[in-house]
S.K.: 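Next up is a structure, given as structure tokens.
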Protein chains: 2
Amino acid sequence: MKNSQLYKGSLNTIIMKLLEENGKMYGYEITQKVKAITQGELNITEGALYPALHKLEAEGLLDVEIEKVDNRMRKYYKLTESGQKETVNRLSELEDFIRNMQSLVSPSPKLEF
Amino acid sequence: MKNSQLYKGSLNTIIMKLLEENGKMYGYEITQKVKAITQGELNITEGALYPALHKLEAEGLLDVEIEKVDNRMRKYYKLTESGQKETVNRLSELEDFIRNMQSLVSPSPKLEF
DNA sequence: CTGTTATGTATAAGAATCTTATGTATATTT
DNA sequence: AAATATACATAAGATTCTTATACATAACAG
């Protein structure tokens, strides 16, 4: 991903959320979309992305469909039914995570007397 | 930590933030504090915590001070000067991370016509 | 009084995720 | 003609965490 270790563990959730929103996407498209949404702050590397997609597919959360565009291969991924249910869970976990992290770092204001 | 992979990579930031707020803390105290703040949702395991503390110390971000209380050892950790500076960076990275994740998953509302 | 829970630290094996590097191939831009 | 963009893939190694184990004292429960 980027410089920060914080993104570790969040890639699956990002992929699934984007697929939920966009129906179907291919790998390279995902990297570009993420870059655009985060204004270049988050760059997903292929070495992280493709193994993640393969794993989600192996787990039955994604379906794949190969197309050829301009003589180049594209593997379009979309959520399975099981994947759609799991996406709801992952997003819920992400909300909890963000809430917990904010509780931990939000400046519980030090009262001064 | 807990069930979710999302927390992976965030432990160092949590530790440093708590030390910034509380001056000095010992390991077990950190686990209890995190549990309390997150209402039991996030449980830091010793297998993750102690190696993390040792590494932060080795990197010169933490200082350690041993005390004996009730015949039991406590290792109090506090931020070094370098650690204080680095904490600012880490918290800034965390803010960026949370902002980026919210951009990615916030329901860019689908307009219907 | 004896076993369990709480307090307190530590490490080692293995799992999961990611970085970095490399490889292949075509299309487009310079 | 060379560099960049598009498009997928994998392998070695780094990092971070889980799970299990280990040691030791204090407090509580049966």
Side-chain angles (χ1 to χ4, degrees), chain A residues 1-16 24-36 40 42-59 61-62 64-77 90 93-94 97 100-101, chain B residues 1-16 24-36 40 42-59 61-62 64-77 90 93-94 97 100-101:
Chain A
M1 305 248 196
K2 211 196 132 194
N3 14 6
S4 174
Q5 293 280 15
L6 291 169
Y7 294 91
K8 193 163 285 205
S10 60
L11 179 56
N12 288 331
T13 305
I14 292 173
I15 292 171
M16 293 170 77
K24 67 174 190 179
M25 300 180 81
Y26 57 100
Y28 186 74
E29 185 185 10
I30 292 176
T31 66
Q32 301 307 302
K33 190 80 171 179
V34 168
K35 197 186 291 186
L42 179 49
N43 290 296
I44 295 179
T45 59
E46 309 99 312
L49 178 65
Y50 292 114
L53 287 172
H54 300 161
K55 193 177 179 221
L56 289 171
E57 187 194 352
E59 289 168 348
L61 301 176
L62 300 187
V64 67
E65 188 187 327
I66 298 178
E67 280 186 34
K68 213 162 190 177
V69 180
D70 279 338
N71 209 28
R72 269 196 246 98
M73 180 178 57
R74 278 186 192 171
K75 290 180 74 173
Y76 277 96
Y77 291 91
R90 304 276 178 115
E93 276 181 16
L94 178 60
F97 167 67
N100 282 330
M101 288 306 290
Chain B
M1 302 252 198
K2 210 196 132 193
N3 14 5
S4 174
Q5 294 278 18
L6 293 168
Y7 294 90
K8 193 164 284 206
S10 60
L11 179 55
N12 287 332
T13 305
I14 293 172
I15 292 172
M16 292 168 79
K24 67 175 191 178
M25 299 180 81
Y26 57 101
Y28 186 75
E29 184 184 11
I30 292 176
T31 68
Q32 300 308 302
K33 190 80 172 179
V34 168
K35 197 186 290 186
L42 179 50
N43 289 296
I44 295 178
T45 59
E46 309 99 313
L49 178 66
Y50 292 114
L53 287 171
H54 299 162
K55 193 175 178 224
L56 289 171
E57 188 193 353
E59 289 167 349
L61 301 175
L62 300 188
V64 68
E65 188 188 326
I66 298 178
E67 281 187 32
K68 214 161 191 179
V69 180
D70 278 339
N71 211 28
R72 269 196 248 99
M73 181 178 57
R74 279 186 191 170
K75 289 179 76 172
Y76 278 96
Y77 290 90
R90 304 276 178 116
E93 276 181 17
L94 178 60
F97 167 66
N100 282 329
M101 290 305 291

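First the proteins, then the strands, lettered A, B, ... as listed; each starts at 1. Note that this is a predicted model, so its numbers are computed, not measured.
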S.K.: Classify the nucleic acid contact of B/Glu29 as base, sugar-phosphate or nothing, counting any heavy atom under 4.0 Å across all strands shown.
M.R.: nothing
S.K.: Please check the phosphate of C/dT9 (OP1 and OP2 only) for any side-chain N or O of B/Tyr26 closer than 4.0 Å.
M.R.: no
S.K.: Could you give the CG-to-P distance, from B/Leu53 to D/dC17, as a whole number of Å?
M.R.: 11 Å
S.K.: Kindly give the heavy-atom pair with the smallest separation between A/Leu94 and A/Thr13, and that separation in Å.
M.R.: CD2-CG2, 4.1 Å
S.K.: From the options D/dA7, C/dA10, C/dT7, select the nucleotide whose nearest atom is closest to the side chain of B/Tyr28.
M.R.: C/dT7
S.K.: C/dC18 C1' sits how many Å from A/Leu56 CG, rounded?
M.R.: 15 Å
S.K.: For C/dA25 and A/Asn71 - does any side-chain N or O of the residue sit under 4.0 Å from the phosphate oxygens OP1/OP2?
M.R.: no
S.K.: Respond yes when some side-chain nitrogen or oxygen of A/His54 is under 4.0 Å from OP1 or OP2 of D/dT10, and no when none is.
M.R.: yes
S.K.: Between B/Arg90 and B/Met16, what is the shortest heavy-atom contact and its length?
M.R.: NH1-SD, 4.0 Å
S.K.: For B/Pro51 and B/Glu46, which heavy atoms make the closest approach, and how far apart are they?
M.R.: CD-O, 3.6 Å
S.K.: With the threshold set at 4.0 Å, does a side-chain nitrogen-carboxylate oxygen contact exist between A/Glu57 and A/Lys75?
M.R.: no
S.K.: Counting just side-chain N and O atoms, does A/Lys75 come under 4.0 Å of either OP1 or OP2 of D/dA9?
M.R.: yes
S.K.: Please state how far atom OH in A/Tyr7 lies from atom C1' in D/dT15, giving the value in whole angstrom units.
M.R.: 18 Å
S.K.: Starting from C1' on D/dA9, measure out to OH on A/Tyr77 and report it in whole angstrom.
M.R.: 10 Å
S.K.: Is there a side-chain polar atom (N or O) of B/Gln5 under 4.0 Å from OP1 or OP2 of C/dA16?
M.R.: no
S.K.: Under 4.0 Å from OP1 or OP2 of C/dG8: is there any side-chain N or O of B/Arg74 that close?
M.R.: yes
S.K.: For B/Gly47, answer base if it contacts any base atom (sugar-phosphate contacts may also be present), sugar-phosphate if it contacts only those atoms, and nothing otherwise; contact means non-hydrogen atoms under 4.0 Å.
M.R.: base
S.K.: D/dT15, C/dT20, D/dA26: which one has an atom nearest the side-chain heavy atoms of B/Arg72?
M.R.: D/dA26
S.K.: Would you tell me if any nitrogen or oxygen in the side chain of B/Lys8 comes within less than 4.0 Å of OP1 or OP2 on C/dA15?
M.R.: no
S.K.: Whole-Å distance between C/dT29 P and A/Asp70 CG?
M.R.: 11 Å
S.K.: Looking at every non-hydrogen atom in both residues, tell me the closest pair between B/Tyr50 and B/Tyr28 and how far apart they are.
M.R.: OH-N, 3.9 Å
S.K.: Under 4.0 Å between a side-chain N or O of A/Tyr50 and OP1 or OP2 of D/dA9?
M.R.: no
S.K.: Just to be sure I understand the rule, does A/Lys55 reach a base, reach only the sugar-phosphate, or reach nothing, if contact means heavy atoms closer than 4.0 Å?
M.R.: sugar-phosphate
S.K.: Round to a whole Å and report the spacing from CG of A/Leu6 to P of C/dT17.
M.R.: 17 Å
S.K.: Without decimals, in angstroms, what is the distance between A/Glu46 CD and D/dA9 C1'?
M.R.: 9 Å
S.K.: For DNA chain D, whose closest nucleotide is more 5', that of B/Pro51 or that of A/Gly27?
M.R.: A/Gly27
S.K.: Assign each of A/Ala52 and B/Val69 to its nearest nucleotide of DNA chain C by heavy atoms, then name whichever residue's nucleotide is nearer the 5' end.
M.R.: B/Val69
S.K.: Do you know which two heavy atoms are closest between A/Leu11 and A/Ala52, and how far apart they sit?
M.R.: CD2-CB, 3.9 Å
S.K.: What is the distance, to the nearest angstrom, from the NZ atom on B/Lys33 to the P atom on C/dT7?
M.R.: 15 Å
